[in-house]
Asks: 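I have a structure I would like to understand better, so I am pasting it below and will then ask my questions one at a time.
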Number of protein chains: 2
Amino acid sequence: MSAIAERITLEDVAREAGVSLATVDRVLNRRPGVREKTAAKVQAAIAKLGYRPDPAAARLARKETFRFCFVLPTGTNTFMRNLEEQVGITAEWLAPQRAFVDILHVDVFDPNVLATALERLEGRYHGVAVIALDHPRVRAAIDDLVARGSAVVTLVSDAPTSRRLRYVGIDNTAAGRTAGTLMGRFSGGRKGPVALIAGSLALRDHAERQFGFMQVVNGEFPNLKTLPLREGRDDSELTRRLTEEILAAHPDLVGIYNVGAGNRGIAAALEAAGRERDVIFIGHDLTDHTRRFLVRGVMDAVINQDAGHEARSAARVLLAHCTGEPILPEQERIRIDIFLRDNIP
Amino acid sequence: MSAIAERITLEDVAREAGVSLATVDRVLNRRPGVREKTAAKVQAAIAKLGYRPDPAAARLARKETFRFCFVLPTGTNTFMRNLEEQVGITAEWLAPQRAFVDILHVDVFDPNVLATALERLEGRYHGVAVIALDHPRVRAAIDDLVARGSAVVTLVSDAPTSRRLRYVGIDNTAAGRTAGTLMGRFSGGRKGPVALIAGSLALRDHAERQFGFMQVVNGEFPNLKTLPLREGRDDSELTRRLTEEILAAHPDLVGIYNVGAGNRGIAAALEAAGRERDVIFIGHDLTDHTRRFLVRGVMDAVINQDAGHEARSAARVLLAHCTGEPILPEQERIRIDIFLRDNIP
DNA sequence: CTGTTAGCGCGTTCAG
DNA sequence: CTGAACGCGCTAACAG
């Protein structure tokens with residue numbers, strides 16, 4: 001049908017511009033040592049021929065390798081384990097692109113430990129992806145890394161005022177609002193209290209989710225009253241005890257929104273009390289557990305962020321920064337997934 | 001930290017196995033002309049060294065180019081226009097991989113026209129992606145294409161009993177169930193009828209969505225009664241008129257589920273009647289229109305399939321088939337997205 | 001049946 | 001400041 005578009009190569013551009021391959025390469029990669037005039041000629045030739053570099057060839061020829069470090073929490077909740085697995089898969093994808101990743105485990109709940117760990121990374125990596133804590137010391141450590149030439153992306157949890165290249169994760173306020181809307185609409189006008197459990201409000205993502213949830217529920221669903229938030233430290237055992245207390249204190253409880261991890265504990269408490277059908281239970285992160293809870297009807301909705309997407313996106317952003325390639329912002333936007341019993345993947 | 005994993009090349013494998021590059025290449029690409037015993041030696045070496053081929057180098061060296069054809073509907077509803085745009089973007093991504101795509105416009109509502117169009121493609125393309133119609137003639141045309149050596153994937157709408165390589169799209173029954181659950185839960189026990197509008201039940205995806213929806217609503221929400229389905233031919237003008245009729249006939253209407261396109265018509269009729277707050281409106285496909293309807297509160301939920309993902313996935317599946325590379329099934333699964341006002345991307 | 005060799009398009013020396 | 005030449009890992013012709 002249409003004529004096959006013959007590939008335009010650097011050589012074509014060089015011929016068109018009347019210069020050599022190396023010169024074209026220099027202007028293309030913004031390397032120094034080219035006169036303005038020749039650079040302009042080359043640019044013109046590139047534009048005229050519509051030259052598009054062949055990434056495959058570039059990767060093959062490139063000698064330089066890149067080193068990335070993913071800083072992940074020591075904790076072992078299911079989402080983080082999944083994320084780590086996805087980072088591993090991403091690493092395999094990166095190897096042919098001459099990029100290699102290390103994984104560093106750190107107690108992300110402690111800003112000093114995290115900051116110290118980041119400081120130790122200085123000068124050792126081209127790129128760092130970190131589950132951030134929004135704390136002055138951590139911010140400073142990120143800024144230092146950037147100042148020393150590392151690219152830094154925040155992953156899952158942001159430090160917005162730092163000099164990180166980009167945040168790879170969901171909009172947690174919107175996620176909280178989404179949970180709030182689902183809670184409100186699922187309640188169907190039923191009057192009563194709604195409980196919130198979070199890991200820790202020191203975590204920016206948890207605080208934002210709570211904020212978004214309250215905004216919607218308190219603003220638009222007057223039949224619901226949010227109970228004071230309890231902190232479950234993302235620990236199943238603790239969330240189970242908290243849930244037991246809440247259930248005992250509020251026989252008319254309409255719903256529970258779990259902002260963080262520890263869904264297993266909540267489910268256990270609900271089932272032990274025989275109120276799993278009665279209480280709307282919305283939480284985060286699709287795991288083997290939450291999947292089962294959805295199917296059994298214990299959970300009513302799960303808000304999810306795709307760990308695989310996040311790991312790949314962080315890697316792509318870092319790599320693109322290193323090679324100077326552009327990114328497709330649309331592809332890097334992490335979506336807020338809603339899963340019901342019916343659309344579990 | 002860890003030693004950089006040196007890349008293992010074909011040459012390493014050849015040395016380990018005591019053969020030449022070409023021989024390794026032959027067993028790797030399952031080309032004929034190698035004795036069982038040497039093949040086994042090579043396999044052993046590959047396994048021992050953990051060799052992983054470098055796709056970049058392979059693409060660079062490969063002479064062969066591939067031609068794909070995307071068969072899309074002539075109709076111009078927003079989803080299809082978006083899909084076409086995404087196919088265009090995918091084409092740019094394919095060019096460096098030496099694959100080139102043509103787009104063919106066909107009236108997909110007419111099985112004979114579609115089948116004839118497919119028949120004309122025989123022998124001209126390495127791969128074909130088609131919005132299928134589940135009809136004997138279409139099935140036969142697909143099977144013929146496959147018999148003549150083309151790889152065929154069905155896109156968005158499947159022909160399950162054909163010999164297509166794969167279906168790239170969502171599980172429409174599950175999508176209908178998802179809509180049903182949302183409708184039921186959003187209704188909050190309110191008693192009354194629910195209307196269904198589809199493009200045409202001759203389209204397999206529409207029929208399946210309807211089935212899933214009815215399954216859930218009739219089975220689990222006794223407060224709701226589904227009205228007989230009306231066909232709106234995916235046309236806004238027609239769906240508007242149908243909606244007007246439905247609204248007039250059912251002052252106690254609880255909700256409308258639009259299985260196909262034409263959301264604009266329904267929204268217009270709801271707003272004209274001043275019942276947009278009152279009637280739960282759930283439809284498919286996030287577009288500029290439905291996005292606005294969500295924000296305005298006219299629509300309550302939109303079920304979406306990511307057109308960009310579908311286009312890329314179809315391309316990846318076809319290309320992988322041509323080059324003999326494996327695919328990651330997990331990455332090719334098209335998700336059923338739920339969008340509320342709060343999580344619009 | 002198996003080995004040798006010439007590129008694919010680009011990055012990267014090293015000479016001019 | 002610019003150009004020539006080599007090699008990345010692999011495929012595909014051609015010899016043997």
Side-chain angles (χ1 to χ4, degrees), chain A residues 4-43 45-46 49-66 95-99 319 322-325, chain B residues 4-43 45-46 49-66 95-99 319 322-325:
Chain A
I4 284 190
E6 255 317 312
R7 230 197 132 56
I8 293 151
T9 74
L10 263 196
E11 210 147 8
D12 301 323
V13 176
R15 199 180 316 113
E16 174 76 25
V19 295
S20 82
L21 274 173
T23 306
V24 180
D25 178 72
R26 281 179 192 111
V27 340
L28 218 66
N29 296 320
R30 282 160 206 154
R31 272 189 281 262
V34 184
R35 258 188 313 194
E36 288 265 339
K37 271 173 63 177
T38 34
K41 269 200 303 193
V42 174
Q43 292 287 13
I46 289 175
L49 300 181
Y51 167 75
R52 315 254 313 144
D54 182 337
R59 277 203 304 270
L60 231 202
R62 204 182 309 267
K63 278 288 190 7
E64 191 180 8
T65 62
F66 301 111
Q97 334 258 357
R98 290 175 169 46
L319 189 61
C322 288
T323 64
E325 286 173 44
Chain B
I4 284 188
E6 256 318 312
R7 236 202 124 52
I8 291 150
T9 74
L10 263 196
E11 212 145 7
D12 301 324
V13 177
R15 199 179 318 114
E16 174 76 24
V19 296
S20 82
L21 272 177
T23 305
V24 180
D25 178 71
R26 283 182 189 108
V27 341
L28 219 63
N29 296 319
R30 282 160 206 156
R31 274 189 278 260
V34 182
R35 256 189 314 191
E36 288 265 339
K37 270 174 63 176
T38 35
K41 269 200 302 192
V42 173
Q43 294 287 14
I46 289 175
L49 300 180
Y51 168 76
R52 315 254 313 145
D54 182 338
R59 276 202 305 270
L60 189 56
R62 205 183 308 267
K63 278 290 189 4
E64 191 180 8
T65 65
F66 301 110
Q97 335 257 356
R98 292 180 169 43
L319 188 61
C322 288
T323 63
E325 286 172 45

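Sequence lines set the chain letters: A, B, ... in the order given, protein chains first and strands last, and positions in each chain run from 1.
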Asks: Can you pull out every side chain to side chain donor-acceptor pair (under 3.5 Å) where at least one residue sits in residues 49-59 of chain B? Sequence neighbours excluded, please.
Replies: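 Listed once each, the pairs are Arg59(B)-Gln97(B).
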Asks: Whether the side chain of Arg98(A) engages the backbone of Arg62(A) through a donor-acceptor N/O pair (distance < 3.5 Å, no angle test) should be reported.
Replies: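 Answer holds: yes.
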Asks: As a test of understanding, state which of Val13(B), Leu10(B), Thr9(B) forms a side chain to side chain contact (heavy atoms under 4.5 Å, CB included) with Leu21(B).
Replies: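 By the side chain to side chain contact (heavy atoms under 4.5 Å, CB included) criterion, Leu21(B) pairs with just one of Val13(B), Leu10(B), Thr9(B): Leu10(B).
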Asks: Considering non-hydrogen atoms only, spot the tightest contact between Leu319(B) and Ala99(B) and give its length.
Replies: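 For Leu319(B) and Ala99(B), the tightest heavy-atom pair comes out as CD1-CB, 4.1 Å.
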Asks: More than 12 heavy atoms of other residues, nucleotides or ligands under 6.0 Å from CZ of Arg31(B): yes or no?
Replies: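 Yes, the 6.0 Å shell around CZ holds more than 12 heavy atoms from other groups.
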Asks: Base, backbone or nothing for each nucleotide of nucleotides 2-12 of chain C, written B, S, -, heavy atoms under 4.0 angstrom, 5' to 3'?
Replies: BBB--BBBBSB
Asks: Output the rounded distance in Å from CZ (Arg30(B)) to P (dA12(D)).
Replies: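 Whole-Å distance recorded here is 15 Å.
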